[in-house]
Number of protein chains: 2
Amino acid sequence: MTGKQFSSVWMREPRPARTPGRSREEIVRAAMELLDAEGLDGLSMRKLGAKLDAGATSLYWYVANKHELLELVYDEIWGEMTVPPPEETKWWRQTARAFALSMREVILRHPWSAGLIGRTPALGPNALEVAGRLSRAFKGAGFRGLEIDYAASTLTAFVLGTTIPEVAYNEAMAEDPLDEESMRAAVERASAGHPDLLERLRESKPADTTEVREMMFAFGLAAVLDGLEARLTT
Amino acid sequence: MTGKQFSSVWMREPRPARTPGRSREEIVRAAMELLDAEGLDGLSMRKLGAKLDAGATSLYWYVANKHELLELVYDEIWGEMTVPPPEETKWWRQTARAFALSMREVILRHPWSAGLIGRTPALGPNALEVAGRLSRAFKGAGFRGLEIDYAASTLTAFVLGTTIPEVAYNEAMAEDPLDEESMRAAVERASAGHPDLLERLRESKPADTTEVREMMFAFGLAAVLDGLEARLTT
DNA sequence: ACCTGAACACCGTTCAAGT
DNA sequence: ACCTGAACACCGTTCAAGT
């Protein structure tokens, strides 16, 4: 809408790391700590400055703006995901599965990443490394041309689309297990006119939400992999 | 982390709509206009107040806080999605497909919804209506018990996970087609060390990104539906 | 080369006060 | 019952000035 130019940290030459003062790595590390502790809304340039014993605006020497900082921490997330190299796995499904589990695990471990992933262009070195490995895995599986990308995107889309709501649910619960009961009651009340929904609500006891989510992930993942495999033989 | 209580508009009795002054509907409508025009960041209580010729803080009489307002507009999004009733379709795949296309279309039409969907508990009447219809569709397909939910969730996860990055890409481009070329160049430069990625980059010409995305969606959707169908026969 | 503080233009939200 | 304005505690970012 606004005629803003597209820009990204990855398109600018980084400032040569002379390292007398602060460094980008140090800043990114501190930012991740803040994010893990206080979430996406808890990260402000001022707080981050304070954490580094720096003036509120010193960071602007290392980073053009907050968005760039987020691009940097975002790439760290991709760095924590594992895509086993093809030699280590027997077939592509194993690689794909391992990646999917790892991606979900990383997002759940850094819930703030759910607000970044998919919303920030993934052009950092770690993100590209993952994309490259995934690409090779699906090529090895037998996909050709653009379908290599389609297959990889389908897999990550599933993980993303499953995990974001999981994080949202966790945050809504805000670590207050007492509340689960009250929310449940509210959902049940809201579902009053929907017998199909109520029926299922009653099947899962409050305690097993974690388990239910794991089953749902396994179910969906198997479906996605089956579906991709089907595309391979036709 | 903070011991916040879970709360939602849908759990509070709405204020009786006496309608001398403003009404919730009016506010929600204005909020959506603002959102469509200026995006998620463009919506502020002050701006919305101004748009309604009201003091900046008048809205707090109708809505507990901004989050509640967002829950309200969020449910409107679900209201725009269509799930054809089973009588109208020949089999469940047709229903599922129609819903998936509709969901994607709605999100692309209201890009700001990408920042809400999956991140806000979907407990509004429209969201529940969609969930109920989807539930019936997958039940009709032959799924049983919790698998009805798993199947529906897998489908929406795919749509969500595919569409969020699409929106992100659109926003990054910010309507400036000139930039597409420059971004492409940057991506290519960044991908220098990844021959597999470069190979594919060159296959798709700048102009066809829309088309490529549509193909990718069709590909992934077919895979997901095949995968779900496979779960049905075993 | 690096860091600072003041300043600007914003936020969401509370609350006493008005009609 | 509804609306207001002032006030509070925040934001991101710019920029002239310091060392």
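Everything numeric here is computed off the predicted structure, so don't read it as measured data.
Put simply, the side chain of B:Asn126 gets close to the backbone of B:Asp75: a donor and an acceptor are under 3.5 Å apart. Under the 3.5 Å distance criterion, the side-chain polar atoms of B:Ser102 are left unmatched by any main-chain donor or acceptor of B:Ala98. A side-chain donor-acceptor contact under 3.5 Å links B:Lys47 to the backbone of B:Gly42. Formation of a donor-acceptor pair under 3.5 Å by the B:Asp196 side chain with backbone atoms of A:Arg136 is not found in this model.
The separation between A:Met45 atom CE and D:dC11 atom P is 12 Å, rounded to whole Å. When rounded to the nearest whole Å, the span between CG of B:Asp41 and P of C:dA9 equals 20 Å. The distance between atom CZ of A:Arg46 and atom P of D:dT13, rounded to the nearest whole Å, is 11 Å. C:dC11 atom P lies 10 Å from atom CG of B:Leu34, rounded to whole Å. With rounding to whole Å, A:Tyr62 atom OH is found 6 Å from C:dC2 atom C1'. Rounded to whole Å, the distance from CG on B:Asn65 to P on C:dC11 is 17 Å. As a whole-Å value, the separation of A:Leu59 CG from C:dG5 P is 13 Å.
At a threshold of 4.0 angstrom between heavy atoms, the contacts of B:Leu48 with the nucleic acid are absent. Looking at heavy-atom distances under 4.0 Å, B:Leu43 makes contact with sugar-phosphate atoms alone, never a base. Among the heavy atoms of the strands, none lies under 4.0 Å from A:Ala56.
Which of D:dT13, D:dC11, D:dA1 sits closest to the side chain of B:Trp61 comes down to D:dA1. In the set D:dC11, C:dC3, C:dT13, D:dC11 carries the atom at the smallest distance from any side-chain atom of A:Lys47. Side-chain atoms of A:Lys66 lie closest to D:dG12 of the nucleotides D:dG12, C:dC3, D:dT4. In this structure, of D:dT4, D:dT13, C:dG12, it is D:dT4 that holds the atom nearest to the side chain of B:Ala54.
Nucleotide D:dA1 forms a pair with C:dT19, judged by Watson-Crick or G-U wobble geometry with both contacts under 3.5 Å. Across all strands shown, C:dC11 forms no Watson-Crick or G-U wobble pair with both distances under 3.5 Å.
Contact of B:Thr57 with D:dG5 (side chain to base): a donor-acceptor pair of N or O atoms is detected under 3.5 Å.
Taking the six-membered ring where the residue is Trp, A:Trp78 and A:Tyr74 present perpendicular rings, their angle passing 60° and hence far from 30°.
The phosphate of D:dC11 (OP1 or OP2) has a side-chain N or O of A:Ser44 nearer than 4.0 angstrom. OP1 or OP2 of C:dT4 sits under 4.0 Å from a side-chain N or O of A:Ser58. Close to C:dC3, at under 4.0 Å from its OP1 or OP2, lies no side-chain N or O of A:Tyr60.
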